[in-house]
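First the proteins, then the strands, lettered A, B, ... as listed; each starts at 1. All figures in this text were calculated on a predicted structure; none of them were measured in a lab.
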Number of protein chains: 2
Amino acid sequence: MRNAEFDREEVLRAAMKAFMHKGYANTSMQELKKATGLHPGSIYCAFENKRGLLLAALEQYRLDRATEFEQFFANSHLTLDNLKSYLTNVVVECISCDSAQACLLTKALNEIAEQDSEIQQVISDNLSVLQQALAEKFEQAKAEKSINADKDCDHLARYFLMGIYGLRTFAHTHPEAKVLEQLAEQLYHDVSQ
Amino acid sequence: MRNAEFDREEVLRAAMKAFMHKGYANTSMQELKKATGLHPGSIYCAFENKRGLLLAALEQYRLDRATEFEQFFANSHLTLDNLKSYLTNVVVECISCDSAQACLLTKALNEIAEQDSEIQQVISDNLSVLQQALAEKFEQAKAEKSINADKDCDHLARYFLMGIYGLRTFAHTHPEAKVLEQLAEQLYHDVSQ
DNA sequence: CTCTATCTTGAATGTACATTCAAGATATCG
DNA sequence: CGATATCTTGAATGTACATTCAAGATAGAG
């Protein structure tokens, strides 16, 4: 007889941002209340508890990232060039230094995955989806003759993803644009050559 | 008139292990008490507080890792081969899946660096030291003609370290030996070719 | 052996937190 | 324009935590 007043996606994006900024354990319900605009009771009603909010936020993150990913390839450029744009965008995010741009997946992976196998599984699945999507793009690039026919696209996707993880971590201590760009350049070279 | 009964290094290694396993915020003083064998009062007396214990543990970690690093090069092999051994060892640590082998630096960097600039600085300094040490080894490998004379050793060191960060994160979701070994193989190839 | 400075112990403290819940508000339906 | 199901509110609850502290233990000095 009455619908919830809040926008679920908006709330989840706010929660994401809070979790990315301060981590899971260090984000209190009071901060989540401020970030989402929802009172504790509403959060518990909608997401069961703080952990449920994280799980919902991880799912929203997956959806948002998948959409974003596809947009990089929704044009007529060579797939390999789009992969490069994707990588360049990672660097841009790292440089902007906005913690909101950190990767929720790797952050949560580091903080809690080891102690919560369900969350571990959710994150692993998320990352596998991204890896699979990358592998498909490399296959496409191979079909377009941009990369050598004897390359193993699954391996390329894993290596590319490993590089992105490394880049993100590296950026925490080395946020200088030039260095990150140079590293990305080499990574691109190593997967495309 | 009376000396402390505990062995400081032993206590710090136990604390490191606890922090690596559960993270900083999620490791309670009660767990630290169990892990170190020290009662709260003694911990506060020796390290001021929980944060002080982390700082001391980070310093011990740096010392231990520096010693370990040098041991990889304390032989008559080619420096480049020793770099490969070092990388192989990272993979072995990842595979062993013993959380005690995770990297305290990257773990702490992800969890708290953004909220505590002193800890951020300590970790950054630690990682810079490692990066510098790697750069020196690459210079040595260059002098031994193992790598091309026109290579930028600082860049190689950064790329190598980025790869190690990526490898460690990747291992969280992909602990299969074969995959990690293949990634390490490619990384080695890309820095030595 | 005695004295005292220092260390050890672990219960006590206050605080901050996640979670609950009952009262109040409001949209929708008849 | 009620009636009512559902949502919103935020103070109350209990718990778990980091930290403190005073009493007890013990090593070393004289």
Q: For A/Tyr24 and A/Lys50, work out which heavy atoms get closest and say how close.
A: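 Smallest heavy-atom distance, with atoms named: O-NZ, 3.0 Å.
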Q: Can you tell me how far P of D/dG10 sits from CG of A/Leu32, to the nearest Å?
A: 17 Å
Q: Whole Å only: how far is the CZ atom of A/Phe47 from the P atom of D/dC7?
A: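 Result: 13 Å.
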Q: Measure the CG-CG distance between B/Leu104 and B/Leu58 for me, rounded to the nearest 0.5 Å.
A: 5.0 Å
Q: Between B/Tyr44 and D/dT19, is there a side-chain N or O to OP1/OP2 distance below 4.0 Å?
A: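 True: B/Tyr44 side-chain N/O within range (under 4.0 Å) of D/dT19 OP1/OP2.
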Q: Please list, chain by chain and in numerical order, all residues satisfying ring-ring contact (aromatic ring centres under 6.0 Å, His included) with A/Phe69, sequence neighbours excluded.
A: A/Phe73, A/Tyr86
Q: Given C/dT20, D/dG10, C/dG10, identify the nucleotide with an atom nearest to the side chain of B/His39.
A: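 Output: C/dG10.
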Q: State whether the number of non-hydrogen atoms from other residues, nucleotides or ligands found under 6.0 Å of B/Gln115 atom CD is greater than 12.
A: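 Counting neighbours around CD of B/Gln115, more than 12 heavy atoms of other residues, nucleotides or ligands fall under 6.0 Å, so yes.
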Q: Hey, which sits more toward the 5' end of DNA chain C by its nearest nucleotide, B/Lys33 or A/Ser42?
A: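 That would be B/Lys33.
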Q: Can you tell me how far P of C/dT19 sits from CG of A/Leu38, to the nearest Å?
A: 15 Å
Q: Return the nearest nucleotide to the side chain of A/Pro40; candidates are C/dT8, C/dT20, C/dA11.
A: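 Given the options C/dT8, C/dT20, C/dA11, the side chain of A/Pro40 is closest to C/dT20.
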Q: Write down the protein N/O and nucleotide N/O pairs, taken from nucleotides 13-17 of chain C, whose separation is under 3.5 Å; answer none if there are no such pairs.
A:
none

Q: If I take atom CZ in residue A/Phe6 and atom C1' in nucleotide C/dA27, what distance separates them, rounded to the nearest angstrom?
A: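 So the CZ-C1' distance, A/Phe6 to C/dA27, works out to 15 Å.
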Q: With sequence neighbours left out, what residues match A/Glu48 under side chain to side chain contact (heavy atoms under 4.5 Å, CB included)?
A: none
Q: Apply salt bridge (charged side-chain N to carboxylate O under 4.0 Å, His left out) to the pair B/Lys137 and B/Glu70, showing each step before the final yes or no.
A: CA-CA 10 Å; B/Lys137 298 305 175 187; B/Glu70 284 309 328; 3.7 Å; yes
Q: Rounded to whole Å, please give me the gap between CZ in A/Arg51 and P in C/dT19.
A: 11 Å
